Amino acid sequence: MEKLRKRSEVSKEDCWDLTLVVKDQTEYEEKKNLILEYNRKIVAMKGHILDSKDTLKEFLEISEKESRLLEQLYIYVRLTYDEDTSNATSLARKLEMEQLVNTCEDAESFITSEFMKRDYEDILPWLEEDDFLKDYKLYFKRVYRQKERILSEKEERIITKALNAFGTPDEAFVSLDTTDAHFKSVLLNDGNREELSHYNWNLFLENPSQDVRRRAFKNYYQFYCQHKNTYAALLKGNYQELEFLRDLRHYDSALKMALDEICVSEDVYHNLIENVHQYMDLNVEFQKIKAKLLHNKEYHLYDTYVPVVLPPQAHFTKEQAIEIVKKALAPLQEDYLAHFQKILDSHAVDFYPNESKHSGAYHWGCFDSPNYVLLNFNGSYDSVSTLAHEFGHAVHSLYSKENNPYIYHDYEIFLAEIASTVNETLLSLYFLENTQSKQEKIYYLCEFLDKAKATIYRQTMFAEFESIMSKKCQEHESLTEELFSTVYYDLNKEYFKDSVILDPEIRYEWMRISHFYRPFYVYKYATGLICAICIVKDILDHKDGFVEKYLNFLKSGCNKEVLDILKDVDIDLTTEAPFEKAFTFVKELLNELKEIVQEGE
């Protein structure tokens, strides 16, 4: 393995430029002091925000200035830390900013309760007659939609403080599952042993030897079995916190509470689960094809991650990867590609790994910063796909900022994964169409179908698990390890049917899913890929005017409710239509894989 370079050894052309957000320590301190000044002004307005149209306008102007500066500084300190996590100064600055955010939120916890002392109809005349305030009509409509759920100022402050304490299960999970997680080393086929960790777990699952995969699987879940009651107590605490808030906010269910924040009905959630159940046979058939291609006597769940053929051996340079992604995204037309290039030219992409750099990849930015992209590009096919994915986020954000005022530029997480997976899907299809190699075709088809398994089927299974467990908590059923594990194991049996052997250890897998500590989040991954497939299908079918519709989707930010934004690209998640379209597409790729496999027999 190539030794990682020090940060100072990486060309500046391949690093992001954070001075575009904060020039130096002097500007950092100036902006921090301005935030504190704006915070004092907001606190001084307590009890007087709604005295008049002018006081409301003054409050909103100050609040926006404070928020924009907070976002700038937080992005600056977090990205500075991520480029070199060994830097003690960067860590201290990050912790300082986190404390500043908490201080501002605590001091301003009175705001929502103060708004709730009036009705939307009381301030509507101000919003309609003032040019500045007109932009806030939808904002306040959303604020007052929650009026019946908001408590007194004193009670809201207690809740704010309680929420900080309520982070204990999440924080304890992170400590137990990272710092305190130690796994037994794995015996390799050559007689040597290799350390097992979260970081190389996936590599073991992709090991060509089934014996090595089995040993890694057993050793990995041995740790979770030994700590099963602790993990159960933590997740139980998480659901009890959720139930506490549900009861305080007077919701019929925790699910409704979570979805109500973005005006999504429970029908969308249940419709996802019901439709995925209708098409489970596609994943079952895919797993049986993979089992056949692997030529093993048995096919276990831990075998589902290993590639059935070797990945393409091509090594891509950064320049080659960019050109390939551009060609793959050509169906999105010139304006999209111009925005793609704008991000490349903005000194906002951190391309290569270096010592102590944050692993993985992400896009992050704010209204007043470039659209930063962190990559750890290594020339593999996966790193090309990651580039396409993260630039999907970045271009989405750029369009959104260009076409919305500050209060509506930040699109909801519900929509966030759509643009990125549109790019990924277009890239997969580009590679599939531009190779003559049968082995490579099998690889790209399996790569996409594996993605459907992981993102649609698996995340929906997680979503169903959450729905079941939160309901049991609400009904005061005792949330024991045995209950968690039995429900989870039974769901695996239902989703995979007879296509794989389910080892007993898989009943403990729920313990390591960190997203369960972000309640009712994972379903968005599944709906995101469903929507992305529908969009790609319409683009490639040259549906009249659809590219323009898609670009308008990217420009929407949060200036409408999320389901209305989706309807602008002809997607209604309360119906069966998008699921039928997406799974028909999946079936077409599955049939193509079957034909290639049958030809080789």
Side-chain angles (χ1 to χ4, degrees), residues 20-21 60-61 63-65 67-69 71-72 75 127-128 130-143 262-264 326 329-346 348-349 362-373 388-423 426 524 528 531-532 534-536 538-539 543-571:
L20 298 171
V21 186
L60 292 173
E61 288 174 336
S63 179
E64 179 176 321
K65 289 176 182 177
S67 296
R68 289 169 71 165
L69 283 176
E71 289 171 7
Q72 290 172 50
I75 283 171
L127 304 180
E128 290 179 335
D130 186 278
D131 288 339
F132 174 83
L133 293 176
K134 279 179 182 177
D135 281 341
Y136 283 84
K137 284 183 69 175
L138 177 58
Y139 171 84
F140 278 109
K141 188 176 180 181
R142 288 168 173 162
V143 167
I262 56 172
C263 203
V264 170
K326 284 182 178 179
L329 302 183
L332 300 179
Q333 300 179 7
E334 290 183 13
D335 193 65
Y336 186 94
L337 294 176
H339 280 70
F340 184 99
Q341 187 63 43
K342 187 173 182 179
I343 299 212
L344 280 173
D345 295 339
S346 63
V349 185
Y362 62 69
H363 156 263
W364 204 349
C366 66
F367 195 71
D368 300 297
S369 79
N371 293 282
Y372 287 109
V373 176
H389 180 101
E390 298 305 335
F391 269 71
H393 288 306
V395 173
H396 188 180
S397 295
L398 180 56
Y399 270 118
S400 188
K401 287 194 295 187
E402 288 176 344
N403 292 277
N404 294 283
Y406 171 74
I407 51 169
Y408 301 126
H409 84 281
D410 194 12
Y411 47 84
E412 295 285 354
I413 295 295
F414 186 86
L415 303 175
E417 290 302 321
I418 296 175
S420 55
T421 46
V422 162
N423 283 14
L426 286 170
K524 299 170 187 175
C531 293
C534 291
I535 288 168
V536 168
D538 285 343
I539 289 171
K543 186 175 178 180
D544 189 38
F546 191 78
V547 170
E548 184 178 354
K549 280 187 175 184
Y550 178 59
L551 296 186
N552 286 335
F553 162 83
L554 298 179
K555 295 173 184 177
S556 296
C558 62
N559 63 24
K560 289 193 289 190
E561 303 300 356
V562 291
L563 295 183
D564 291 330
I565 291 173
L566 281 177
K567 286 176 182 176
D568 289 342
V569 281
D570 305 330
I571 295 173

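Since this is a predicted model, take the numbers as computed values, not measurements.
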Quick one: side chains of residues 408-415, donor-acceptor pairs under 3.5 Å with protein atoms, not counting sequence neighbours, listed by atom name and distance.
from: Y408; atom 1: OH; to: D135; atom 2: O; distance (Å): 2.5
from: Y408; atom 1: OH; to: L138; atom 2: N; distance (Å): 3.4
from: Y408; atom 1: OH; to: Y139; atom 2: N; distance (Å): 2.9
from: H409; atom 1: ND1; to: Y406; atom 2: O; distance (Å): 2.6
from: Y411; atom 1: OH; to: H393; atom 2: O; distance (Å): 3.4
from: Y411; atom 1: OH; to: S397; atom 2: OG; distance (Å): 2.8

Exercise. Given side chains that start at C-beta, do those of L332 and L337 come closer than 4.5 Å, heavy atoms only?
Worked result: no
Problem set entry | Partner set under side-chain contact (heavy atoms from CB on, under 4.5 Å) for S63, not counting sequence neighbours | I42, F59, S67
Exercise. What distance do F391 atom CZ and Q341 atom CD have between them, rounded to the nearest 0.5 Å?
Worked result: 9.0 Å
Exercise. Is there a donor-acceptor pair closer than 3.5 Å between any side-chain N or O of K401 and the backbone N or O of C366?
Worked result: yes
Exercise. Considering all heavy atoms of both residues, which atom of G557 and which atom of S400 are nearest to each other, and what is their separation?
Worked result: CA-OG, 3.0 Å
Problem set entry | Distance in Å, F140 CZ paired with I407 CD1, rounded so as to fall on 0.5 Å steps | 8.5 Å
Seminar exercise, completed: Taken to the nearest 0.5 Å, the spacing of F367 CZ from E71 CD works out to 10.0 Å
Problem set entry | For E128, all residues meeting salt bridge (Lys or Arg N to Asp or Glu O under 4.0 Å), sequence neighbours excluded | K137
For this session: Drop me the distance from E61's CD to L133's CG, to the nearest 0.5 angstrom.
Result: 8.5 Å
Exercise. Looking at residues at least two apart in the chain, or sitting in another chain, which of them share a side-chain hydrogen bond (donor to acceptor under 3.5 Å, both in side chains) with K65?
Worked result: none
For this session: Would you check if the side chain of N559 reaches a backbone N or O of S556 as a donor-acceptor pair within less than 3.5 Å?
Result: yes
For this session: Decide yes or no for I539 and V536: does some side-chain heavy atom of the first lie under 4.5 Å from some side-chain heavy atom of the second?
Result: no
For this session: Considering non-hydrogen atoms only, spot the tightest contact between G392 and A419 and give its length.
Result: O-CB, 3.7 Å
For this session: Answer yes or no: is there a side-chain heavy-atom contact under 4.5 Å between V569 and I418?
Result: no
Problem set entry | Residues forming a salt bridge (Lys or Arg N to Asp or Glu O under 4.0 Å) with D564, sequence neighbours excluded | none
Problem set entry | Sequence-distant partners of Q333, side-chain hydrogen bond (donor to acceptor under 3.5 Å, both in side chains), two or more places apart | none
Seminar exercise, completed: Rounding to 0.5 Å, atoms SG (C263) and NZ (K141) come to a distance of 8.5 Å
For this session: May I ask you to test the E64-P405 pair for a side-chain heavy-atom distance under 4.5 Å?
Result: no
Exercise. Any side-chain heavy atom of Y372 sitting closer than 4.5 Å to one from V21?
Worked result: yes
Exercise. Got a sec, which residues hit salt bridge (Lys or Arg N to Asp or Glu O under 4.0 Å) with K543, two or more places apart in sequence or on another chain?
Worked result: D538, D570
Seminar exercise, completed: side-chain contact (heavy atoms from CB on, under 4.5 Å) filter on A394, not counting sequence neighbours, yields I343, H363, N371, V373
Exercise. Only one of N403, I565, L398 clears side-chain contact (heavy atoms from CB on, under 4.5 Å) with K555; which?
Worked result: N403
For this session: Under the ring-ring contact (aromatic ring centres under 6.0 Å, His included) rule, collect the residues that match up with F553, sequence neighbours excluded.
Result: H396, Y550
Problem set entry | Contacts of D335 that satisfy side-chain hydrogen bond (donor to acceptor under 3.5 Å, both in side chains) - sequence neighbours left out | Y399
Exercise. Counting distance only, does the side-chain N/O of T421 pair as donor-acceptor with the main-chain N or O of E417 below 3.5 Å?
Worked result: yes
Exercise. Looking at residues at least two apart in the chain, or sitting in another chain, which of them share a salt bridge (Lys or Arg N to Asp or Glu O under 4.0 Å) with D345?
Worked result: none
Seminar exercise, completed: In terms of heavy-atom contacts, A388 and N423 come closest through O-ND2, 3.1 Å
Seminar exercise, completed: Across all chains, not counting sequence neighbours, the side-chain hydrogen bond (donor to acceptor under 3.5 Å, both in side chains) partners of E402 are H339, K342
